[in-house]
There are 2 protein chains.
Amino acid sequence: MLSDVMEDYLKAVYELEREHGPPVGTSTLADYLGVTPPTVTSMVEKLEERGLVEREKYKGVELTPEGETVALEVLRHHRLLEAFLADHLDYEWDEVHDEADALEHHISEEFEKRLAQKLGDPAVDPHGDPIPTEDLEPPESPDTEVLADHEAGDRVAVARVSDRDDEELRYLKDAGVEPGTELDVVEHAPIGMFVVDIDGETVHLPDRVAAAIRVRPVDERVTET
Amino acid sequence: MLSDVMEDYLKAVYELEREHGPPVGTSTLADYLGVTPPTVTSMVEKLEERGLVEREKYKGVELTPEGETVALEVLRHHRLLEAFLADHLDYEWDEVHDEADALEHHISEEFEKRLAQKLGDPAVDPHGDPIPTEDLEPPESPDTEVLADHEAGDRVAVARVSDRDDEELRYLKDAGVEPGTELDVVEHAPIGMFVVDIDGETVHLPDRVAAAIRVRPVDERVTET
DNA sequence: AAATTAGATTAGACGCATCTAATCCTTAAG
DNA sequence: CTTAAGGATTAGATGCGTCTAATCTAATTT
């Protein structure tokens with residue numbers, strides 16, 4: 001049996017691996033989880049004993065396949081809950097994250113199954129994040145790019161938005177940016193501001209925000225190999 | 001801030017007070033919660049420090065008004081969740097208790113509010129247990145009696161069934177006993193078996209089961225003062 | 001009234017998740 | 001090649017919730 005906290009660590013390692021690639025450093029994890037580095041060290045030692053992460057001292061950690069399965073399970077819970085809150089309880093997308101975080105460790109497999117069924121087995125949550133399937137196979141990484149990496153003139157469709165920052169999400173909701181929205185990059189001002197055009201509306205996005213948005217190319221064929 | 005465990009203790013004291021009246025003894029609580037008596041002693045000391053229970057050493061505990069409010073809050077969460085699981089996720093009434101127990105400490109006030117709204121502010125959960133109202137005022141005790149106290153010839157309507165024992169609940173579901181069911185007491189066999197008649201069907205209920213059913217008199221005026 | 005018994009409490013311990021303070025690697029810069 | 005800087009780890013402590021073993025209190029029986 002794993003504690004809630006252990007599940008949180010595994011989920012965090014999973015997400016940080018996606019973001020920066022393995023190995024994930026102690027301080028990176030500590031920041032992400034809001035604890036101190038020694039706390040992380042002692043926790044990852046326990047996770048290593050259980051075969052959930054592989055660790056190289058002074059370097060960082062990486063999930064084992066078993067650890068990844070746990071992370072995907074938790075992530076599936078989290079994202080199904082987010083979808084449920086938005087679809088059936090009228091939550092806005094900036095309100096679902098914390099509630100889902102609180103509940104994700106406490107729902108049974110039965111609950112997960114019935115929730116998925118009720119929702120019609122959705123593929124993505126309200127932020128566009130892919131929901132792991134029931135078999136918990138590692139999903140292939142979808143071919144999305146970070147908006148911040150694009151240049152003036154590109155036309156893209158929003159695929160996913162990071163769900164970790166409520167402020168950001170409210171800002172984007174007001175701006176009309178959500179999964180599916182198509183936009184043209186007008187300018188990347190060096191002051192750290194992105195200017196984009198959405199259906200004729202000009203919208204300004206600070207770099208921090210543009211870095212949290214993942215997009216898919218549109219109109220021009222940019223199909224990478 | 002109260003821990004989940006503290007909330008469980010307060011809920012347990014509340015329910016045991018209803019059942020046997022205060023004060024609630026250490027071993028009674030220990031049995032109910034599945035822990036040892038010393039564990040209860042140390043926990044109720046902490047609850048006393050926080051003003052949630054009143055305690056007389058070697059006698060037992062009793063909720064203060066503040067403690068009762070916490071208990072009612074948790075109970076409201078629990079019963080709203082049970083109602084939700086049964087109404088919207090197709091759970092059977094013997095399956096809802098454990099799931100609700102796991103979730104009751106982790107839902108936000110916002111979630112509670114939206115759930116109640118979605119359910120149409122139900123007054124009772126699937127077992128007939130009253131759901132505390134949003135203002136958490138202590139509900140007046142409804143005038144129900146234990147089925148086991150009735151004699152042959154009485155006609156009664158089932159009001160509530162204890163939700164603590166899955167076996168029992170499945171047995172009763174099969175027998176067609178649920179809140180609202182009307183039945184005639186045919187015989188109380190001294191072997192510890194109740195015989196009742198439901199719409200012409202004869203149903204046998206062991207004493208243990210009959211003790212978990214609360215009923216309201218029907219047909220004959222037995223309005224007690 | 002004394003003795004037994006049922007129940008409650010104290011004493012002391014453990015594992016979890018966390019912290020602060022101190023020390024120890026690793027690496028990049030001089 | 002030495003050293004300074006930045007991370008990471010060890011050491012040691014704390015609070016929570018739990019346990020077992022030992023002791024104590026209260027109530028009932030004789």
Side-chain angles (χ1 to χ4, degrees), chain A residues 1-14 16-17 19-63 67 70-71 74 101-102 104-106, chain B residues 1-14 16-17 19-63 67 70-71 74 101-102 104-106:
Chain A
M1 268 302 84
L2 295 181
S3 69
D4 297 0
V5 175
M6 285 175 176
E7 290 184 355
D8 281 334
Y9 276 75
L10 294 172
K11 189 176 62 150
V13 174
Y14 181 89
L16 291 170
E17 277 184 6
E19 205 172 324
H20 311 297
V24 178
T26 303
S27 299
T28 312
L29 256 177
D31 278 1
Y32 193 85
L33 291 164
V35 298
T36 58
T39 302
V40 171
T41 299
S42 84
M43 191 69 230
V44 295
E45 278 168 358
K46 286 174 203 156
L47 294 173
E48 191 183 28
E49 276 168 27
R50 297 186 185 227
L52 298 165
V53 301
E54 223 148 86
R55 193 164 100 86
E56 204 175 339
K57 273 179 90 168
Y58 295 99
K59 287 289 164 45
V61 287
E62 193 169 339
L63 291 177
V70 174
V74 179
D101 253 5
E104 65 190 5
H105 309 293
H106 305 286
Chain B
M1 268 299 84
L2 294 182
S3 69
D4 298 359
V5 176
M6 286 175 176
E7 290 183 356
D8 281 334
Y9 276 75
L10 293 172
K11 188 176 63 150
V13 174
Y14 181 88
L16 292 170
E17 278 185 5
E19 206 173 323
H20 310 297
V24 178
T26 302
S27 298
T28 312
L29 256 177
D31 277 1
Y32 193 85
L33 290 164
V35 298
T36 58
T39 302
V40 171
T41 298
S42 85
M43 191 70 232
V44 295
E45 278 169 358
K46 286 174 202 155
L47 294 173
E48 191 183 28
E49 276 169 26
R50 295 185 185 229
L52 298 165
V53 300
E54 224 147 85
R55 193 164 101 84
E56 202 175 340
K57 273 178 90 169
Y58 295 99
K59 287 289 162 47
V61 287
E62 194 169 340
L63 292 177
V70 174
V74 178
D101 254 4
E104 65 190 5
H105 308 295
H106 304 286

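Chain letters run A, B, ... following the sequence lines, proteins first and then strands; every chain starts at 1. For the numbers below, each heavy atom of this structure counts, side chains included, while hydrogens, waters and symmetry mates do not.
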Problem - Lys/Arg-Asp/Glu bridge criterion (N-O < 4.0 Å) met for D101(A), K11(A) - result: yes
Contact class for [X] vs. all strands (heavy atom < 4.0 Å): base, sugar-phosphate, or nothing?
X	answer
S27(A)	sugar-phosphate
S42(B)	base
E45(B)	sugar-phosphate
T26(B)	sugar-phosphate

Fill in the blank from the handout: Closest to the 5' end of DNA chain C, once T28(B) and Y9(A) are matched to their nearest nucleotides, is T28(B)
Completion exercise
Ranking P37(B) and S3(A) by the position along DNA chain C of their nearest nucleotide, the one closer to 5' is P37(B)
Problem - Verdict with reasoning, R55(A) to E62(A), per salt bridge (Lys or Arg N to Asp or Glu O under 4.0 Å) - result: CA-CA 6 Å; R55(A) 193 164 100 86; E62(A) 193 169 339; over 6 Å; no
Please state how far atom [atom1] in [X] lies from atom [atom2] in [N], giving the value in whole angstrom units.
X	N	atom1	atom2	value
K57(B)	dA26(D)	NZ	C1'	14 Å
L33(B)	dC16(D)	CG	P	18 Å
D8(B)	dC16(D)	CG	C1'	14 Å
L29(A)	dT9(D)	CG	C1'	15 Å
K46(A)	dA17(C)	NZ	P	5 Å
Y32(A)	dG7(D)	OH	P	20 Å
H105(B)	dC16(D)	NE2	P	17 Å
D4(A)	dG17(D)	CG	P	14 Å

Practice task
Over all heavy atoms of both residues, which pair between A71(A) and L63(A) is shortest? Give the atoms and the distance, please.
Solution key: CB-CD1, 4.2 Å
Problem - Shortest non-hydrogen contact between E17(A) and V61(A), atoms and distance - result: OE2-O, 4.4 Å
Identify which nucleotide among [options] has an atom closest to any side-chain atom of [X], counting heavy atoms from C-beta outward.
X	options	answer
T39(A)	dC16(D), dA21(D), dC19(C)	dC19(C)
Y58(B)	dA17(C), dT26(C), dT9(C)	dT9(C)
P38(B)	dG17(D), dT10(C), dA17(C)	dT10(C)
V5(B)	dA17(C), dG17(D), dT9(D)	dG17(D)

Exercise for the section: Kindly say if T36(A) contacts the phosphate of dC19(C), meaning a side-chain N or O under 4.0 Å from OP1 or OP2. Expected result: yes
Exercise for the section: State which residue, out of V35(A), V44(A), T41(A), fulfils the side-chain contact (heavy atoms from CB on, under 4.5 Å) condition with L29(A). Expected result: V44(A)
